Amino acid sequence: MSEDELRTMLAERSGLGKDALWYPVYDVPRVFGLPWPLTTEQAEEVLSALLDRLRRVLPAPRQERPGQRYVYLSEITDRYQRGDTRRILERIHSRGITPACPAFGGENYDPLSERGWGARPSAAPDFSGEPNWAWWREVRKAGPRPLYQMPNPYVGEDEPPVDRALGLRDRTGGAAAYRAALSAAVREDPRQIDCWAHLGSDAFERADADDAALPEALGYYQTAVAVAELSLPPTFTGVLAWGELNNRPFHRALHGLGLTWWRLGETAKAAAIFDDSLWANPDDNQGIRYLIGQAKAGVLWHQAEKD
């Protein structure tokens, strides 16, 4: 296999353009000690190693102090599903990051106030299932925390790309056109967290009929979460309330990522994401309190569905 053929295969498997892969492939003889052309077996080994490097997560921000806090994606997994996620994050970082800022006039979220769940919330099953409240004890113990809002997830002054894509789907009924519109939006501006999350949701819904859909959903959701995390401070102990509209795309992405990892059998990773969701949004507008107990107990997705 020639250098150009290997670069073409790597581009297909990673989702990156051939130009972005010029040097990694050019450097194969030096790094791997293999001359061109490669045998089929050598090419597969090199491709696997190159993809592994491309998918390594960026280091987690350095934590400033111990204690309960948001746990970053790169502390939960050591590999991104998509080959282009790392490059996307580096691209956004190089262009400058818009940080999350105080919300609601600098108010705090107080778990002991009327908006909290109380000292002893009911653990009795209801129409949504059986809630787990172990996480709430940690939230109460942490006391008041500052409320934050994420940067505007709909960059630009025109109609949000996710709304245009949804409108296109509603008018035409075309799922392929819908996915194409979302994909075009994130190619143009990878900060479109809601577009990444909607791509993940679309793939997740196709999982029963398509074995490749769940890994696809995982890649989209991971990218959405990782892009959103760039706006958080190194030690994030604040609250991203659902009531602040800018926070909702991030919460949708976290929820989808947790569900996808759970469905893939990665219960510990799913539970870690659910922990993050509840820590960042203790009001739990998404019903994650009904999921986290089973994920932490290692109950597999198909077993939970039967229950």
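Here the structure is a predicted model, which is why all the values come from computation and not from measurement. Values below: every heavy atom of this structure, side chains too, minus hydrogens, waters and symmetry copies.
The backbone N or O of Asn285 sits nowhere less than 3.5 Å from a side-chain atom of Asp283 that would complete a donor-acceptor pair. Without hydrogens or angle criteria, Arg79 side chain to Arg55 main chain gives no donor-acceptor distance under 3.5 Å. In this structure, Glu205 contributes its side chain and Asp202 its backbone to no donor-acceptor pair below 3.5 Å. Judged purely by atom type and a 3.5 angstrom limit, Arg164 uses its side chain to pair as donor or acceptor with the backbone of Glu159. In this structure, the side chain of Ser183 engages the main chain of Arg179 through a donor-acceptor pair within 3.5 Å. When atom types are taken as modelled, the side chain of Thr267 and the backbone of Gly298 share no donor-acceptor pair closer than 3.5 angstrom. Here the side chain of Asn108 pairs no donor or acceptor atom with the backbone of Asp110 at under 3.5 angstrom.
Following chains of ILVMFWY side-chain contacts shorter than 4.5 Å, one cannot reach Leu245 starting from Val239, and the two form parts of different hydrophobic clusters. There is no path of hydrophobic side-chain contacts, each under 4.5 Å, that joins Leu254 to Trp242. Under the 4.5 Å side-chain heavy-atom criterion for ILVMFWY residues, a single connected hydrophobic cluster contains both Tyr221 and Val71. A continuous path of ILVMFWY side-chain contacts below 4.5 Å connects Phe32 to Trp36, so both sit in one hydrophobic cluster. One hydrophobic cluster holds both Leu230 and Tyr148 under the rule that ILVMFWY side chains link at heavy-atom gaps under 4.5 Å.
Between Pro282 and Trp136, some side-chain heavy-atom pair lies under the 4.5 Å cut-off. Val139 places a side-chain heavy atom less than 4.5 Å from the side chain of Tyr109. Taking 4.5 Å as the limit, every side-chain heavy atom of Ile273 sits out of range of all side-chain heavy atoms of Glu266. Counting heavy atoms from C-beta outward, Ile288 and Trp135 have side chains that stay 4.5 Å or more apart. Residues Arg95 and Arg91 are in side-chain contact: their nearest non-hydrogen atoms beyond the backbone lie under 4.5 Å apart. Side chains of Gln286 and Phe274 form no contact here, defined as non-hydrogen atoms less than 4.5 Å apart. Taking 4.5 Å as the limit, some side-chain heavy atom of Leu54 sits within range of a side-chain heavy atom of Leu21. The side-chain heavy atoms of Val28 and Leu50, taken from C-beta on, include a pair separated by under 4.5 Å.
In this structure, Glu90 places its CD atom where more than 12 heavy-atom neighbours from other residues, nucleotides or ligands lie under 6.0 Å away. The neighbour count for Asp170 CG, taken as heavy atoms of other residues, nucleotides or ligands under 6.0 Å away, is above 12. Other residues, nucleotides and ligands contribute at most 12 non-hydrogen atoms within 6.0 Å of the OH atom of Tyr26.
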Salt bridge (Lys or Arg N to Asp or Glu O under 4.0 Å), that's the test. Do Glu44 and Arg13 meet it? Break it down for me. CA-CA 12 Å; Glu44 285 298 329; Arg13 296 190 191 184; 2.9 Å; yes
Is there a side-chain contact (heavy atoms from CB on, under 4.5 Å) between Val57 and Thr77? Walk through the geometry before answering. CA-CA 8 Å; Val57 298; Thr77 184; 4.2 Å; yes
Please report the C-alpha distance between Leu168 and Arg171 in whole Å, then the side-chain angles of each, then the deciding distance to 0.1 Å, and finally whether the side-chain contact (heavy atoms from CB on, under 4.5 Å) criterion is met. CA-CA 5 Å; Leu168 178 64; Arg171 290 193 305 272; 3.8 Å; yes
Could you go through Val162 and Cys195, starting from their C-alpha distance and side-chain angles, then the distance that decides it, and tell me whether this counts as side-chain contact (heavy atoms from CB on, under 4.5 Å)? CA-CA 5 Å; Val162 69; Cys195 289; 4.0 Å; yes
Under the side-chain contact (heavy atoms from CB on, under 4.5 Å) criterion, do Val25 and Asp4 qualify, and how do the steps go? CA-CA 8 Å; Val25 176; Asp4 188 63; over 6 Å; no
Show the numbers, then the answer: is there a side-chain hydrogen bond (donor to acceptor under 3.5 Å, both in side chains) between Tyr154 and Asp194? CA-CA 8 Å; Tyr154 308 115; Asp194 221 6; 2.7 Å; yes
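Summarising the geometry, atom OG belonging to Ser231 is positioned 11.0 Å from atom CD belonging to Gln149; distances are rounded to the nearest 0.5 Å. A distance of 11.0 Å separates CG in Asn132 from CZ in Arg289, rounded to the nearest 0.5 Å. Phe204 CZ to Leu218 CG: the interatomic distance, rounded to the nearest 0.5 Å, is 11.0 Å. Taking CZ of Arg53 as the start and OG of Ser14 as the end, the distance is 14.5 Å to the nearest 0.5 Å. Taken to the nearest 0.5 Å, the NE2 atom of His255 stands 9.5 Å off from the OG1 atom of Thr260. Once rounded to the nearest 0.5 Å, the distance linking NE2 of His251 with CG of Asn247 reads 5.0 Å.
No hydrogens or angles considered: a donor-acceptor pair under 3.5 Å links the side chains of Tyr290 and Asp126.
The side-chain tip of Arg56 does not point at the ring of Tyr80 from less than 6.0 angstrom away and within 45° of straight on.
Pairing each heavy atom of Pro234 with each of Pro61, the nearest pair is CA-CB, 3.7 Å. Nearest heavy atom pair, residue Met150 against residue Leu232, reads SD-CD2, 3.8 Å. Residues Leu58 and Arg86 share a closest heavy-atom pair of CD2-CZ, 3.5 Å. Arg248 and Gly243 make their closest contact through NH2-CA, 4.3 Å (heavy atoms, listed as atom of the first residue, atom of the second, distance). Smallest separation of non-hydrogen atoms from Leu73 and Ala226: CD2-CB, 4.1 Å. Annotation for Ser2 and Pro37: closest pair N-CB, 4.5 Å, computed over non-hydrogen atoms.
Taking the six-membered ring where tryptophan is involved, the planes of Tyr220 and Trp196 are tilted, since the angle between them lies from 30° to 60°.
For the pair Asp208 and Arg263, the salt-bridge criterion is met [side-chain N within less than 4.0 Å of a carboxylate O]. Contact check on Glu75 versus Lys269 returns no salt bridge, with no Lys/Arg side-chain nitrogen under 4.0 Å from an Asp/Glu carboxylate oxygen. Arg87 has no carboxylate O lying under 4.0 Å from a charged side-chain N of Asp84, or vice versa, which leaves the two without a salt bridge. Ion pairing of Lys18 with Glu12 is absent here, as no side-chain N (NZ or NE/NH1/NH2) approaches a carboxylate O to less than 4.0 Å. Of the charged side-chain nitrogens involved, at least one lies within less than 4.0 Å of a carboxylate oxygen, so that Asp275 and Lys296 count as a salt-bridged pair. Glu216 has no carboxylate O lying under 4.0 Å from a charged side-chain N of Arg82, or vice versa, which leaves the two without a salt bridge.
By the side-chain hydrogen bond (donor to acceptor under 3.5 Å, both in side chains) test, Glu229 is found to be paired with Tyr70, residues two or more places apart in sequence or in another chain being considered.
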